[in-house]
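The analysis underlying the following values was restricted to heavy atoms, covering all of them including side chains, and did not include hydrogens, waters or symmetry mates.
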Protein chains: 2
Amino acid sequence: MPVKAGQPLDPAATRARILAAAADVFYRRGIHAVGIAEVAEAAGASKLSIYKNFGSKAGLVEAVLRDRTQRVRGWHDERNVEAAPAGRERVLAVFDLVASWYAEAGFRGCAMINAATEDRGFDGPPSQLAREHLGFYRDLFQRLLEEAGVADGRTVARQLVVVLEGATVVSAVDRDPGLGAQARTIAGVLVDAALPVDGGDR
Amino acid sequence: MPVKAGQPLDPAATRARILAAAADVFYRRGIHAVGIAEVAEAAGASKLSIYKNFGSKAGLVEAVLRDRTQRVRGWHDERNVEAAPAGRERVLAVFDLVASWYAEAGFRGCAMINAATEDRGFDGPPSQLAREHLGFYRDLFQRLLEEAGVADGRTVARQLVVVLEGATVVSAVDRDPGLGAQARTIAGVLVDAALPVDGGDR
DNA sequence: ACGAGATAATACCAGTCGTTACTATCGCAG
DNA sequence: CTGCGATAGTAACGACTGGTATTATCTCGT
């Protein structure tokens, strides 16, 4: 059957369906482990549609990662602002957000980091997108930290990126959602250590 | 040519040669991306020898990871003791050690974590070995922390594992050896926060 | 000196990979 | 209603995969 009977003919929807299915199956089972045929089946599409829309498997992977990093950025940008008033708590709210992510069924770590790990080529799109993804977190933390009154926001932001990525990878390997709360605790200690002294320790 | 002329006939050496070559090529280019033929060529061995010694590619991978985690453990166990007198500095000496690791040419992150990431099956040997690897670090940190006088060594040890793995993955993605020193700074803050108050803050 | 075991090289197998080609059918704009 | 573009399904391609078989040659214990 050439096209699905009764289905509206909508190229944009087909592309979106492929993108969503590929993101899911790549994330769950790994990029190398999944063939184009499996993506096509999961998307309810044909291989022709995949190659018409994305050119190659590498193109599909890049599109998936680009879409994913944008979604994550938007998620943080909109959810964080409403989480808490600017200041220390809004910095830590980032870790509340990722804690809820760790607790999701099917959590498998950061898709960009995973892809970069599979793709050992250091100049390929997956690695570059992973670097940019870390850069987003660094900039986000720096902005929130400076709003919170931390003097050297850039340095502490880099520290929080390390904590965030560490918690993500350990949570993925250990299958322990408690890493989210743990990362929040660590971040609190680091932020307090960088805050001008007024509240005392502990 | 059946066997290399002039070469001594030493099955154990052949096995070790395969193991070393496989470790190198798997670490550099990824497990999925490397075929048995490439391992054989890198080892100067035949596929027959690989299958005779390790049974299958999965068996070879498991042997490589098992050897690697043991080497890392031994490296830490012997190098850390001589690094500093027991106490806070010996805890932080772990991060000096990994900092020198990050600076090595060809550093590509933690082989166990990488393998677990490639092998999305959560009950396979790579994932289990990665979990055990994290467990080694947790136990090592806990022991050093308790020697340093930290009351709840287990909790802080978990925090340091997060910092260590975060620095490792960020260093691998960003290709920035400076993450080692950064991780040491973070660890210092966390240890000081958990130490009984006597030295004051900062 | 001889036999047994280890080994490298080669060929081979069935399966899968990414990718392209082809065909038949559908929705939709004119 | 006609024709074009989008699509699903199928088949095929060459390259490569993990794994096995065969063979010839080497080392080494006896």
Q: Hey, can you pull the donor-acceptor pairs under 3.5 Å for the side chains in residues 104-115 of chain A, sequence neighbours left out?
A:
residue, atom, partner, partner atom, Å
Asn114(A), ND2, Arg108(A), O, 2.9
Asn114(A), ND2, Cys110(A), O, 3.4

Q: Kindly state each residue pair satisfying side chain to side chain donor-acceptor pair (under 3.5 Å) with at least one member in residues 163-173 of chain A, sequence neighbours excluded.
A: Tyr102(A)-Thr168(A)
Q: Phosphate oxygens OP1/OP2 of dA8(D): is one of them under 4.0 Å from a side-chain N or O of Arg17(A)?
A: yes
Q: Using whole Å, report how far NZ of Lys47(B) lies from P of dC12(C).
A: 13 Å
Q: OP1 or OP2 of dT7(C) versus the side-chain N and O atoms of Thr14(B): is any pair under 4.0 Å?
A: yes
Q: Just jot down the side-chain contact (heavy atoms from CB on, under 4.5 Å) partners of Asp174(A), sequence neighbours excluded, or say none.
A: Val170(A), Asp176(A), Arg131(B), Leu134(B)
Q: Do any pairs count as a side chain to side chain donor-acceptor pair (under 3.5 Å) and have a residue in residues 147-157 of chain A, sequence neighbours left out, and if so which ones?
A: Gln142(A)-Arg154(A), Asp152(A)-Thr155(A)
Q: Heavy-atom contacts under 4.0 Å between residues 51-60 of chain B and DNA chain D, which residues?
A: Tyr51(B), Ser56(B), Lys57(B)
Q: Whether Asp139(B) and Arg143(B) form a salt bridge (side-chain N of Lys/Arg under 4.0 Å from carboxylate O of Asp/Glu) is what I want to check.
A: no
Q: Does anything in residues 27-36 of chain B reach DNA chain C, meaning a heavy atom under 4.0 Å, and if so which residues?
A: none
Q: Would you mind reading off the distance between Glu41(A) atom CD and dT10(D) atom P, rounded to a whole angstrom?
A: 11 Å
Q: How would you list all residue pairs meeting side chain to side chain donor-acceptor pair (under 3.5 Å) that involve residues 83-94 of chain A, not counting sequence neighbours?
A: Arg88(A)-Asp192(A), Glu89(A)-Arg184(A)
Q: Per the side chain to side chain donor-acceptor pair (under 3.5 Å) rule, what does the pair list look like for residues 43-55 of chain B, sequence neighbours excluded?
A: Ser46(B)-Ser49(B)
Q: Find the distance Leu48(A):CG to dA12(D):P and express it as a whole number of Å.
A: 18 Å
Q: Would you call the rings of Phe136(A) and His76(A) parallel, tilted or perpendicular if under 30° counts as parallel and over 60° as perpendicular?
A: tilted
Q: Measure the angle between the two terminal helix axes of the helix from dA1(C)-dT30(D) to dG30(C)-dC1(D), five base pairs each, and quote it to 10°.
A: 10°
Q: Which residues pass the side-chain contact (heavy atoms from CB on, under 4.5 Å) test with Val34(A), not counting sequence neighbours?
A: Val25(A), Phe26(A), Arg29(A), Glu38(A), Val39(A)
Q: Excluding sequence neighbours, so at least two apart, what forms side-chain contact (heavy atoms from CB on, under 4.5 Å) with Ala99(A)?
A: none
Q: Using side-chain hydrogen bond (donor to acceptor under 3.5 Å, both in side chains) as the criterion, list what pairs up with Arg66(A), not counting sequence neighbours.
A: Glu62(A)
